[in-house]
Amino acid sequence: MNVPHIPCEVAVINVEKSFWQRLSVLDWIKTRWHLILCKNCSEYEKDSKIIHRILRSMRNDGMHNHLGVEEIEKIKKALN
Amino acid sequence: MSISQNVQSKNEELVEEHADYLFQFAMSKIHNRELALDLVQDTFLVCLQKMDQFEGRSSLRTWMTTILNRKIIDHWRKEKRSYSSVDISENENASNAINSNYIPQNPHQISEEIEKRTILEFCLDNLPDAWREIVHAKYYDEKNGEEISKEFNVTPSNFWVIIHRAKAQLRACMDNKYAS
């Protein structure tokens, strides 16, 4: 199979895009092929995926972590 | 107003002012609402008992957060004993890392996760302002590329380049922090 080569700069941008959107089939194949051949980009993908997950989880925590009125009252009661 | 009513009112003010912040702090570390609430409640009890020991060298909130942090560490230590025989396979770690909803299940994972988060937060603060704001807009506000491009006056392709460069800098910063 003759897969067109893409440079590292394009591969890493495609990696970032792939966390948020579906790449076209051709872009996906070109990127995967690049990642098989390029250790640096493959390592970048692995680390970037971890950073992506932590950023997403930090965002999710921030949204749901506020105390409700009842919970605040529960703490107040416990102190009295 | 009687003395006891006055004390009660001051305690309630303290809760109103700091409870939500302390709760968010606890949740960022333990991901368990009920437990976080209990630890925050305990923290208030300890703070009120030890209020005369507060020397004012830091803010009251910082002092309270330190006490809460100790409570969280004590909790992990207790939990760690019961999890000491848990073995996590490489495969499980790998699949967890891909899942963005992954919540660590045992104290080893939790402390690793918190360390990563703490380092990442530090590294985020060290990004150039424009990059940090774009990362925030994408990850925290969940805006799409088009909205962010308009808001920050960058082209859509530049937006992805900035996300990549910010990630590359975060990665380098995290590597340095781990190395040190």
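Each chain gets a letter, A, B and so on, in the order its sequence line appears, and its residues count up from 1.
- One finds the CZ atom of B:Phe23 at 5.5 Å from the CD atom of A:Glu71 (value rounded to the nearest 0.5 Å).
- No continuous path of hydrophobic side-chain contacts links A:Ile29 to A:Ile6 [ILVMFWY only; heavy atoms under 4.5 Å].
- Residues meeting the side chain to side chain donor-acceptor pair (under 3.5 Å) test with B:Glu133, sequence neighbours left out: none.
- Looking at A:Lys74, both its backbone and its side chain come within 4.5 Å of chain B, counting heavy atoms on both sides.
- Taken from CD1 in B:Ile163 to CH2 in A:Trp20, the straight-line distance is 7.5 Å, to the nearest 0.5 Å.
- Between A:Lys76 and B:Glu13 there is no salt bridge, since no side-chain nitrogen of the basic residue lies less than 4.0 Å from a carboxylate oxygen of the acidic one.
- Both A:Val25 and A:Trp28 are members of a single hydrophobic cluster when ILVMFWY side chains are connected at heavy-atom separations under 4.5 Å.
- Heavy atoms of other residues, nucleotides or ligands lying less than 6.0 angstrom from CZ of B:Arg61 number more than 12.
- When the side chains of ILVMFWY residues are joined at heavy-atom separations under 4.5 Å, either directly or via intervening members, B:Tyr139 and A:Ile54 end up in a single hydrophobic cluster.
- Rounding to the nearest 0.5 Å gives a distance of 10.5 Å between CG of A:Leu67 and CD of B:Glu16.
- Residue A:Ile72 is grouped with residue B:Tyr21 when hydrophobic side chains (ILVMFWY) are merged at heavy-atom distances under 4.5 angstrom, including chains of intermediate members.
- Both the backbone and the side chain of B:Val161 come within contact range of chain A, judged by heavy atoms closer than 4.5 Å.
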Could you please spell out the steps behind the side chain to side chain contact (heavy atoms under 4.5 Å, CB included) verdict for B:Glu142 and A:Arg56?
CA-CA 9 Å; B:Glu142 292 210 324; A:Arg56 297 273 288 174; 2.5 Å; yes
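- When the shell of 6.0 Å around CG of B:Asp125 is examined, it contains more than 12 heavy atoms from other residues, nucleotides or ligands.
- Residues in residues 129-177 of chain B take part in these disulfide (SG to SG under 2.5 Å) pairs, two or more places apart or across chains: B:Cys123-B:Cys173.
- Residue contact with chain B, scored on non-hydrogen atoms closer than 4.5 Å, is absent for A:Glu9.
- For the side-chain hydrogen bond (donor to acceptor under 3.5 Å, both in side chains) test with A:Glu16, the passing option among B:Lys138, B:His164, B:Lys167 is B:Lys167; the others fail.
- Residue-level contacts of residues 34-55 of chain B with chain A, in order of numbering, are B:Leu37, B:Asp38, B:Val40, B:Gln41, B:Phe44, B:Leu45, B:Leu48; threshold 4.5 Å between heavy atoms.
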Test side chain to side chain contact (heavy atoms under 4.5 Å, CB included) applied to A:Leu55 and B:Tyr140, step by step
CA-CA 8 Å; A:Leu55 285 170; B:Tyr140 295 168; 4.0 Å; yes
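- Screening residues 14-51 of chain A for disulfide (SG to SG under 2.5 Å) gives no qualifying pairs among residues at least two apart or on separate chains.
- For the pair A:Asp47 (side chain) and B:Arg171 (backbone), a donor-acceptor distance under 3.5 Å is absent.
- At a 4.5 Å heavy-atom cutoff, B:Leu14 makes no contact with chain A through either its backbone or its side chain.
- Taking CD1 of A:Ile51 as the start and CD1 of B:Ile119 as the end, the distance is 11.0 Å to the nearest 0.5 Å.
- Other residues, nucleotides and ligands contribute over 12 non-hydrogen atoms within 6.0 Å of the CG atom of B:Asn32.
- Separation of atoms CD1 (A:Ile50) and NZ (B:Lys116) is listed at 5.5 Å; rounding is to 0.5 Å.
- The number of heavy atoms from other shown groups lying within 6.0 Å of CZ (B:Arg132) is above 12.
- Of all the listed residues (A:Lys46, A:Glu73, A:Lys17, A:Gln21), the one sharing the greatest number of non-hydrogen pairs under 4.5 Å with chain B is A:Lys17.
- Tracing side-chain contacts under 4.5 Å through hydrophobic residues (I, L, V, M, F, W, Y), one reaches B:Tyr178 starting from B:Leu170; they form part of the same cluster.
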